[in-house]
Amino acid sequence: MPRNLNKALTVEVSLIVLFVLCLFFFIAGFVDSVAGGGGLISTPSMLLCGIPPHVALGTGKFASTLGSLSSLWTFARNHLVVMRIAPAGFVSAFLGGMLGSALAMRVPSDMLGKVLIFLLPVGMVISLFSGRLVTQEGELPERGLWVRVILMGLLIGAYDGFFGPGTGSFFIIMQHLVLRMGLVRASATAKVFNLASNAGAFAVFATGGVTHFMLGLPLAAANILGNQLGTRLAIRIGARMVRNFLYVTLTLLLSTLVYRFFFS
């Protein structure tokens with residue numbers, strides 16, 4: 001475990017920096033509620049403001065857990081969550097989030113993003129080749145359903161705990177393709193998985209002393225507001241908006257991380 005983790009609660013930010021971070025977390029909540037990928041905005045913004053990497057992950061998970069819960073509540077009230085797979089998805093993603101974050105606590109910060117570079121093009125290719133399924137809604141596959149759900153929760157949840165940005169997008173894409181959901185229902189049901197992986201990762205980061213709660217509370221409030229706005233727009237406008245945000249967030253995520261970890 002890195003030696004500087006015990007400094008998490010001593011991090012201080014000015015009011016101006018706090019305002020800027022709240023703005024970024026509002027935008028991140030909006031993006032995350034529609035298509036996932038809010039971590040692309042929230043995590044780099046904290047790093048740019050001088051927050052230590054592990055503290056940024058731990059505090060960001062606290063805020064995004066509450067934001068995901070808010071978004072899920074709105075989707076569920078509109079009966080868009082596929083409840084049949086929700087319990088298995090929640091448990092598997094929670095365990096995956098715990099495993100990934102436990103690993104992240106033991107890995108040097110500059111290595112966390114480099115692994116991601118080799119995973120993102122896979123998600124982008126899958127998304128691009130799913131174009132003909134934009135608005136189709138199919139029945140859940142009976143054969144191997146629970147294996148697919150549990151593996152999805154464990155693997156993507158572990159990635160979320162390990163680093164995070166793009167997790168919501170990956171959950172949406174895989175539910176859209178592997179479980180034959182329309183994009184709006186996939187976006188809604190992905191919130192169950194994403195909430196669980198966030199919560200699992202948060203539990204590990206909090207017990208490891210890298211969650212700054214005083215900083216996390218205003219960031220969580222901003223994230224909740226963004227999630228609420230994005231969720232309502234996703235419900236109103238539908239699959240096309242979700243797909244457009246998927247393309248934008250995945251492209252930005254890949255280009256940002258390539259620059260950060262290989263050229264900066």
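The structure presented is a predicted model; accordingly, all values stated were derived computationally and were not measured. Each residue takes its place number in the sequence, starting with 1.
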Heavy-atom check, side chain of F62 versus side chain of L217, under 4.5 Å: yes

Closest non-hydrogen atom pair, A190 against G168: CB-O, 4.5 Å

Stepwise side chain to side chain donor-acceptor pair (under 3.5 Å) test for N198 and S68: CA-CA 8 Å; N198 278 329; S68 296; 3.2 Å; yes

Heavy-atom closest contact (L57 atom, F205 atom, distance): CB-CZ, 3.9 Å

Within one Ile-Leu-Val-Met-Phe-Trp-Tyr cluster: M174 and L145, side-chain cutoff 4.5 Å: yes

Min side-chain heavy-atom separation D160-K61 under 4.5 Å: yes

Closest non-hydrogen atom pair between L21 and C49, with its separation: CD2-SG, 3.8 Å

Derivation of the side-chain contact (heavy atoms from CB on, under 4.5 Å) call for I51 and T59: CA-CA 10 Å; I51 308 298; T59 305; 5.6 Å; no

Shortest non-hydrogen contact from G208 toward M105: CA-CE, 3.6 Å

Side chain proximity check, V149 to Q175, heavy atoms < 4.5 angstrom: no

Connected via hydrophobic side-chain network under 4.5 Å: I150 and L99: no

Residue pairs, two or more places apart or on separate chains, that pass side chain to side chain donor-acceptor pair (under 3.5 Å) and touch residues 83-98: R84-E142

Minimum side-chain heavy-atom gap L215-M46 below 4.5 Å: yes

Heavy-atom pair with the smallest gap, counting every atom of N223 and F25: ND2-O, 3.1 Å

Spatial distance of atom CG (L179) from atom CZ (R148) [nearest 0.5 Å]: 7.0 Å

Atom pair CZ (F26) and OG (S42), whose distance is rounded to the nearest 0.5 Å: 14.0 Å

Common cluster, F75/M83, ILVMFWY with side-chain heavy-atom separation under 4.5 Å: yes

Of F94, F90, Y159, F171, the residue whose pairing with S197 passes side-chain contact (heavy atoms from CB on, under 4.5 Å): F171

Reported CG-to-CG distance for the pair L195 and L66, which is rounded to 0.5 angstrom: 9.0 Å

Common cluster, V91/V192, ILVMFWY with side-chain heavy-atom separation under 4.5 Å: no

Point-to-point distance, once rounded to the nearest 0.5 Å, from CZ of R77 to CG of L72: 12.0 Å

Exercise: identify the closest heavy-atom pair between S71 and K191: OG-CE, 3.5 Å

Point-to-point distance, once rounded to the nearest 0.5 Å, from CD1 of I85 to CH2 of W146: 7.0 Å

Within 6.0 angstrom of F202 CZ, more than 12 heavy atoms from elsewhere: yes

Same apolar cluster (I L V M F W Y, side chains within < 4.5 Å links), L229/L225: yes

Point-to-point distance, once rounded to the nearest 0.5 Å, from CG of N194 to CD1 of I156: 9.5 Å

